[in-house]
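Written out below as structure tokens is the structure these notes cover.
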Protein chains: 2
Amino acid sequence: MNKRQIQKKKTRELILQMAKAEFVKKGFLNTTTSEIAEKSGIAHGTLFLHFKNKDSLIVEILDRELEEISSTIQNLISRAIDLEQLLLQYLDLLQKEEELFVVLARELPFYSEELRRKILFRDSIIRSHFHKAIELGIKEKRYRDVDVTSAVMFLFGTINYYLSLKPIFLKEGSVIKKFKPSIVKTFKQLLISD
Amino acid sequence: MNKRQIQKKKTRELILQMAKAEFVKKGFLNTTTSEIAEKSGIAHGTLFLHFKNKDSLIVEILDRELEEISSTIQNLISRAIDLEQLLLQYLDLLQKEEELFVVLARELPFYSEELRRKILFRDSIIRSHFHKAIELGIKEKRYRDVDVTSAVMFLFGTINYYLSLKPIFLKEGSVIKKFKPSIVKTFKQLLISD
DNA sequence: TCTCTCGATGAGTATTCAGTCACCGAGTTA
DNA sequence: TAACTCGGTGACTGAATACTCATCGAGAGA
């Protein structure tokens with residue numbers, strides 16, 4: 001890589017970093033592309049050399065977070081570690097990106113059909129990893145033979161539920177930390193035999 | 001009133017009616033003033049003869065709903081009917097406007113500072129009526145001597161809580177109907193003596 | 001019936017923003 | 001060093017949408 005290529009990559013990374021910071025702080029809809037460019041110390045037009053449009057910015061940011069979550073889960077599945085550990089590790093990953101997900105959850109109804117579809121598709125990928133993990137556990141007789149879809153829906157329903165409550169009830173501290181024990185308990189009751 | 005004045009009033013009422021229908025259906029932010037004019041069968045500019053701007057439209061719609069709620073509560077206070085009946089009647093009134101309030105609750109963070117202030121100010125008026133009702137009850141020894149502010153905050157906190165859950169958990173049926181019994185029970189425990 | 005009033009009209013204005021493009025100049029290559 | 005490449009620039013465009021104003025014409029009043 002020569003100087004030019006290094007600079008290009010550096011600029012791209014800087015844009016992603018600044019964009020994410022602004023999205024978390026002010027939301028996706030209330031952040032303009034000009035602001036992101038300004039914060040990144042580049043011209044407005046430069047942003048569109050690196051990203052097709054504003055939507056592809058948030059999609060790439062989301063892809064990076066989900067990539068990390070996905071690879072960790074797949075790692076755990078291949079090592080056949082038990083479900084509780086899988087769940088705890090997933091919650092740890094989620095906690096790191098909690099603020100971004102809260103923004104997405106709040107603004108989702110106002111996004112374009114296209115962007116909403118993309119975000120929900122990426123959400124479903126994570127769910128499918130959980131499906132696989134649970135199916136594997138059932139095959140190996142580690143958990144009860146439950147309706148896998150219901151189990152996954154329960155877990156994600158619970159997470160969405162707590163995220164939605166945050167602005168009203170939880171002024172400080174982490175949402176994830178608050179619900180960890182109860183989710184783990186209910187999830188275990190639902191899935192793990194003995 | 002001559003023909004002109006009658007027509008003017010009729011047009012104004014029609015705009016308010018159509019605007020509210022659109023706001024409930026598509027949200028305040030996703031409804032354009034052109035659409036409201038079209039649905040009302042008037043020219044775009046005519047809308048601004050009747051209302052200073054788009055914000056004043058939603059403010060007037062809200063004022064009318066709150067006017068009805070306020071007068072009913074004040075009526076009940078003056079007749080010194082017991083608190084449970086007051087609460088039930090309030091919930092009935094609220095239920096009629098539930099859809100509008102759900103829209104406002106969801107979109108509120110995206111409104112202008114100015115509009116948000118106006119809406120929250122109107123909300124506080126309703127709360128003050130409850131304050132009065134509860135203080136009267138305490139003065140007349142009908143309820144226990146509780147912290148009035150806490151009691152009102154509890155009631156409105158509970159309502160906001162259920163409203164926020166609706167999009168996630170309650171696919172059908174009324175939110176208000178769902179939480180009526182538990183709110184009434186807890187509220188009575190908190191306030192009513194014996 | 002004639003004149004005037006005023007509610008209605010809709011093309012036009014202002015503003016906000018995402019996205020474009022002709023041009024520049026630093027870095028690369030020969 | 002000269003020619004070329006390509007990432008960066010920022011004024012500009014286009015679209016969406018709230019809001020305005022010169023003008024019209026139906027109805028009121030003489």
Side-chain angles (χ1 to χ4, degrees), chain A residues 1-20 22-23 25-61 107 109-116 118-119, chain B residues 1-20 22-23 25-61 107 109-116 118-119:
Chain A
M1 277 215 295
N2 60 28
K3 261 194 191 177
R4 261 192 204 156
Q5 291 169 316
I6 290 168
Q7 183 56 42
K8 190 176 178 183
K9 191 170 178 181
K10 222 168 96 182
T11 302
R12 191 185 162 84
E13 290 302 316
L14 191 63
I15 293 171
L16 281 170
Q17 199 181 315
M18 291 301 151
K20 188 183 157 189
E22 289 302 299
F23 291 161
K25 203 164 80 187
K26 305 173 48 188
F28 175 71
L29 295 172
N30 290 317
T31 302
T32 66
T33 49
S34 305
E35 281 171 337
I36 296 169
E38 202 188 331
K39 291 273 175 183
S40 307
I42 58 164
H44 188 200
T46 308
L47 199 150
F48 294 92
L49 291 179
H50 293 278
F51 300 93
K52 200 174 122 266
N53 51 35
K54 194 186 174 192
D55 280 8
S56 70
L57 245 177
I58 188 82
V59 167
E60 174 143 353
I61 289 168
E107 294 188 343
F110 303 107
Y111 294 163
S112 68
E113 181 67 31
E114 174 79 2
L115 182 55
R116 225 158 50 219
K118 282 181 179 170
I119 290 175
Chain B
M1 276 214 295
N2 60 27
K3 262 194 189 178
R4 261 191 203 155
Q5 291 169 316
I6 290 168
Q7 183 56 43
K8 189 175 180 183
K9 193 169 178 184
K10 222 169 96 183
T11 302
R12 193 187 160 82
E13 289 303 317
L14 191 64
I15 293 170
L16 282 170
Q17 199 181 315
M18 291 300 150
K20 189 182 158 191
E22 290 302 299
F23 291 161
K25 201 164 82 187
K26 305 173 48 188
F28 175 71
L29 296 172
N30 289 318
T31 302
T32 65
T33 49
S34 307
E35 281 172 337
I36 295 168
E38 201 188 329
K39 292 271 175 185
S40 307
I42 57 163
H44 191 197
T46 308
L47 198 151
F48 294 92
L49 290 180
H50 293 278
F51 300 93
K52 203 174 119 265
N53 51 35
K54 194 186 173 190
D55 280 10
S56 70
L57 245 177
I58 188 81
V59 167
E60 174 143 354
I61 288 169
E107 294 188 345
F110 303 107
Y111 294 163
S112 69
E113 179 68 33
E114 174 79 2
L115 182 55
R116 225 158 50 220
K118 282 183 180 169
I119 289 175

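Order of the sequence lines fixes the chain letters, A, B, ..., with proteins taken first and strands second; residue numbering starts at 1 for each chain.
- Rounded to whole Å, atom P of C/dA8 lies 8 Å from atom CD1 of B/Ile15.
- A/Thr11 and A/Gln7 share a donor-acceptor pair across their side chains, judged by distance under 3.5 Å alone.
- The phosphate of D/dA18 has OP1 or OP2 within less than 4.0 Å of a side-chain N or O from B/Thr33.
- Atom NZ in B/Lys54 sits about 19 Å away from atom P in C/dT15, given to the nearest Å.
- Rounding to whole angstrom units, CG of residue B/Leu57 and C1' of D/dA18 are separated by 12 Å.
- Using a 4.5 Å heavy-atom cutoff, the side chains of B/Lys118 and B/Glu114 are in contact.
- The residues A/Lys25 and A/Glu35 are annotated as not salt-bridged, no charged nitrogen and carboxylate oxygen being separated by less than 4.0 angstrom.
- A distance-only check finds no donor-acceptor pair linking the side chain of B/Glu13 to the backbone of B/Lys10 [under 3.5 Å].
- What separates NZ of A/Lys10 from P of D/dG7 is a distance of 16 Å, to the nearest Å.
- No hydrogens or angles were tested; on distance alone, nothing pairs the side chain of B/Arg4 with the base of C/dG7 as donor and acceptor under 3.5 Å.
- Atom NZ of A/Lys9 is surrounded by 12 or fewer heavy atoms from other residues, nucleotides or ligands within 6.0 Å.
- Scanning residues 34-53 of chain A for heavy-atom distances under 4.0 Å to DNA chain C yields A/His44, A/Gly45, A/Phe48, A/Asn53.
- The separation between B/Arg12 atom CZ and C/dA8 atom P is 12 Å, rounded to whole Å.
- Rounded to whole angstrom, the span from the CD atom of B/Gln7 across to the P atom of C/dC6 amounts to 16 Å.
- Mapped onto DNA chain D by nearest heavy atom, B/Thr31 and B/Lys3 fall at different nucleotides, with B/Thr31 at the one closer to the 5' end.
- For the pair B/Leu57/B/Thr33, no side-chain contact is recorded, criterion being any heavy-atom separation below 4.5 Å from C-beta on.
- The nearest whole Å value for the distance from the CD1 atom in A/Ile6 to the C1' atom in C/dA26 is 15 Å.
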